[in-house]
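Here the structure is laid out as structure tokens; the discussion comes afterwards.
Computation of the quantities below employed the complete heavy-atom set of this structure, encompassing side-chain atoms and omitting hydrogens, waters and symmetry-equivalent molecules. Every chain is numbered from 1, with letters handed out A, B, ... down the list of sequences.
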Number of protein chains: 2
Amino acid sequence: MLPIGLLAKQSGVKIPTIRYYESIGLLPEPVRSDGNRRLYPPDAVRRLRFIRHARELGFEIDAIRELSRLAEHPAEPCCEADRLARERLAVIEDKIARLAAQREELVRMIGDCTHGQVAECGVIDVLDDHAKCLHKEH
Amino acid sequence: MLPIGLLAKQSGVKIPTIRYYESIGLLPEPVRSDGNRRLYPPDAVRRLRFIRHARELGFEIDAIRELSRLAEHPAEPCCEADRLARERLAVIEDKIARLAAQREELVRMIGDCTHGQVAECGVIDVLDDHAKCLHKEH
DNA sequence: CCTTGCTTCTCCAGTCGCTAGAGATAGTAG
DNA sequence: CTACTATCTCTAGCGACTGGAGAAGCAAGG
């Protein structure tokens, strides 16, 4: 059985975050030692790594709730996992598209900067007048 | 002089957001009517559009504080505006890179899904074992 | 036995940029 | 005068943590 500090080290999830996950019910409450310290079974490391990995891929907590439930039930059909992954992919592609548009705009603004006074600055100028944008909507 | 609802319509910024901007000092406190309603001068529309535009490009409030200060002082050198824009650009490129890595990983996971049981699901499988990832760090 | 220093405990507040709601008042049209 | 709309203030909530205060447990050294 591991204390929380060791679990944090082995899973790569910080101690307060582990406690937070417990508080929102993403992790089950572990048993406690005589002195009220949390004690985790060895496979808690795997569970937490799973969660961390899913977070790194940007899955939201509620999605991870479902994903880790599925991971504990290998016999269930995986269509739900597939759906969640596709959903996440769609969100990512949307974000990338938005960021790419922002980047394009910013590059142009920066290129228009004369490095002189604000009055001639492409950056301030474009911000001041949306009509000078490439995209009507960002 | 415009009431807040009209300002909201003309600037594209919602009423509660306008009040929020005022509360954090991003917008100056407007004069009030006899009945305590906010009344804005016509150029408040331009100021708010500027802010909205900067937000659409992802600038943080503190950066916008500085940018709108600069916009009101055309004679100042614009190097600060330039710096803020470059900083924002760097953040965007970093985000895009991260998201692209996530996307790549997700596409691969989804491709590995057998559409059968969780036990053979690429999605759950990869989440479960970080070693199956393309990138050590996301 | 006592101290030192590390880990862990609980609880609460803060982050960012809004957004939503409650309940009260002002202004306008009929 | 009555509806109805617009606006007012204040408070709390979102998501996913993160940090701090202050107390208590625990192992090792003297």
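For Arg37(A), the side-chain atoms get nearest to dT8(C) when compared with the rest of dT25(C), dT8(C), dT10(C). For Ile61(B), the listed nucleotide lying nearest its side chain is dC18(C); candidates were dT10(C), dT19(C), dC18(C).
Nearest approach of Val118(B) to Ile124(B), heavy atoms of both residues: CG1-CG1, 3.9 Å.
When heavy atoms are screened at a 4.0 angstrom cut-off, Arg55(A) is found touching the sugar-phosphate backbone but no base atom.
If you take OH on Tyr20(B) and CG on Leu26(B), they are separated by 9.0 Å, rounding to the nearest 0.5 Å. The line from CD1 of Ile96(A) to CZ of Arg103(B) is 4.0 Å long, rounded to the nearest 0.5 Å. Note: Arg19(B) CZ to Leu27(B) CG = 12.5 Å, rounded to the nearest 0.5 Å. Atoms CD1 and CG, from Ile64(A) and Leu70(A) in turn, are 12.5 Å apart once rounded to the nearest 0.5 Å.
A heavy atom closer than 4.0 Å to some atom of DNA chain D occurs in no member of residues 24-31 of chain A.
Close to dT19(C), at under 4.0 Å from its OP1 or OP2, lies a side-chain N or O of Lys14(B). When the side-chain nitrogen and oxygen atoms of Thr17(B) are compared with OP1 and OP2 of dT19(C), one or more of them lie within a distance under 4.0 Å. Taking side-chain N and O atoms only, Arg38(A) has a distance below 4.0 Å to OP1 or OP2 of dT10(C). Under 4.0 angstrom from either OP1 or OP2 of dC18(C) there lies at least one side-chain N or O belonging to Tyr21(B).
For the pair Glu60(B) and Ser33(B), both in contact range of DNA chain C, the more 5′-proximal nearest nucleotide belongs to Glu60(B).
Under the salt bridge (charged side-chain N to carboxylate O under 4.0 Å, His left out) criterion, the residue pairs touching residues 57-67 of chain B are Asp62(B)-Arg65(B), Glu66(B)-Arg69(B), with sequence neighbours excluded.
The pair Asp43(A)-Arg47(A) fails the salt-bridge criterion, with no side-chain N (NZ, NE, NH1 or NH2) lying under 4.0 Å from an Asp/Glu carboxylate O.
From the 5' end on, the contacts that DNA chain D makes with chain A at under 4.0 Å to a non-hydrogen atom open and close at dA16(D) to dC26(D).
No donor-acceptor pair under 3.5 Å is formed between the side chain of Arg108(A) and the backbone N or O of Gly122(A).
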